[in-house]
Amino acid sequence: MSVLASRARALIDPDALRGNLGALAARSGTPLILPVKANAYGHGLNLIVSLAAAHPDVWGFAVATPREAQAAAALNTGRPVLLLTPPTPAEVPVLADLGVRLPVASLAEAAALPAHARAHLKVDTGMNRLGARPEEAVAVGLELARRGLLEGAYTHFASADEPDLGFAHEQLRRFRAVLDALPPTPQPLLAHAANGGAVLSLGRLPGMALARPGLAAYGFAPPHLRAHAPLTPVMTVQASVTHLHTVPAGETVSYGGLWRAPRDTPVATVGIGYADGYPRGATGRAEVIVAGQRRPVLGRICMDQLMIDVTGLTVQPGDPVTLWTQRELTVTDVAAWGGTVEYEVLTGVGERVERQVGETS
Ligand SMILES: *Cc1c(COP(=O)(O)O)cnc(C)c1O
């Protein structure tokens, strides 16, 4: 390891990931396509793909962009990689050569596939983001099947993580109608619909061969769904104390002078900021854990640094400060302080934050 250490680290707990994958596969009754888009929800694509490829419940991986598909395929895990957004015509043969499973939503896209491509028919059942409408999807599926390219078919729920599941059931009904109209394929068709919200809320979905839980696999679910599977957050983030000083009574800390010291206050400066993904919007609310104690962040969160109150604590430069843990003070808290959601906090974890295998709580 270099002498020049990173100031912030994301510790990835393999046991938590394995436990979540097993629990979600048990709940859905199917193997999983693990979404590893956006650097595996910020956890590190290479690390997560390497860890999850050894898991018996993981069929393969899903990514959002051709570059991500290339990166995942390059790890040669032997597990399929599914691209979830349309490639350009020029990208199709390159991705097909890499073995990447391609989403197909039109006859033109089907016609552009080389003979060794493997396609997943994308059906838009109401998300209105990508895919063929049900009335067009059947013809696309028939053409893919005729050419022997149809491996799977899928759709995506718009609100399966919300308490009202009415629209999720309607989407499922529309998807099943398409599946029922498709011809038999040499290998059983791999139908998949459920994201994490649907795996937790709907459980087993007859006719579905796979499920695609993302955020849940990384340990998070909305409160009303948490009882359906034991999930543990996978990532802990720590950063190092870089400087210690005493702020005299009456002086302020950080940009804009938002926090004023009521008395002489021992302050530690910590090497993480909003450029590393710690939300600037959490200013005025955020807390961290230092020397086993919860302490407030003082004043505005900066690009590369933040300051904390270390009154009464023995802290040295280089000591770890924990920004979020797997159990108390989680990403859920940080997201709430920042006025955002776990997805955005996790995917925002920056490049300077070194991903390492390890667990702390
Ligand atoms: C991101 C994504 C998922 C995973 O969603 P979660 O809410 O994280 O479970 C599944 N399917 C598609 C098509 C996606 O884009």
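When a ligand or atom number is given, it counts from 1 through the structure's own listing order.
- Looking from atom 7 (O) of ligand 1 to the surrounding protein, the closest heavy atom is Tyr343 OH, 2.6 Å.
- Some N or O of Arg212 is nearer than 3.5 Å to an N or O of ligand 1, by distance alone.
- Side-chain contact between Ile272 and Leu323 is present, with at least one heavy-atom pair separated by less than 4.5 Å.
- The shortest heavy-atom contact between Ser201 and Ala160 is OG-O, 3.0 Å.
- Between the CD atom of Glu151 and the CG atom of Leu189 there is a distance of 9.0 Å, given to the nearest 0.5 Å.
- Annotation: side chain of Leu83 is not in contact with side chain of Glu68 (no heavy-atom distance under 4.5 Å).
- Scanning His192, His156, Glu342 for the heavy atom closest to atom 13 (C) of ligand 1 points to His156.
- The closest protein non-hydrogen atom to atom 8 (O) of ligand 1 is Tyr41 OH, 2.5 Å.
- If you number the atoms of ligand 1 from 1 as listed, the ones under 4.0 Å from a heavy atom of Arg129 come out as 15 (O).
- Ligand-side atoms of ligand 1 in range of Leu215: 6 (P), 8 (O), 9 (O), range being under 4.0 angstrom from any heavy atom.
- Given atom 14 (C) of ligand 1, the protein heavy atom at minimum distance is Lys37 NZ, 2.8 Å.
- For the ligand labelled ligand 1, residue Met127 lies outside the 4.0 Å heavy-atom shell.
- Distances between N or O atoms of Pro35 and those of ligand 1 include no value under 3.5 Å.
- Between Gly197 and ligand 1, no N or O atom pair is found at a separation short of 3.5 Å.
- In summary, the side chains of His192 and Arg212 do present a donor paired with an acceptor at a separation below 3.5 Å, with no hydrogens or angles considered.
- Ile33 is not connected to Val81 by any chain of hydrophobic side-chain contacts under 4.5 Å among Ile, Leu, Val, Met, Phe, Trp and Tyr, and they are in different clusters.
- For the residue pair Arg173 and Thr125, no side-chain donor N or O sits within less than 3.5 Å of a side-chain acceptor on the partner.
- In terms of polar-atom proximity, Tyr154 is not counted as a contact of ligand 1, lacking any N or O under 3.5 Å from an N or O of the ligand.
- Contact detail for Val270 and Ala239: the closest heavy-atom pair is CG1-CB, 3.6 Å.
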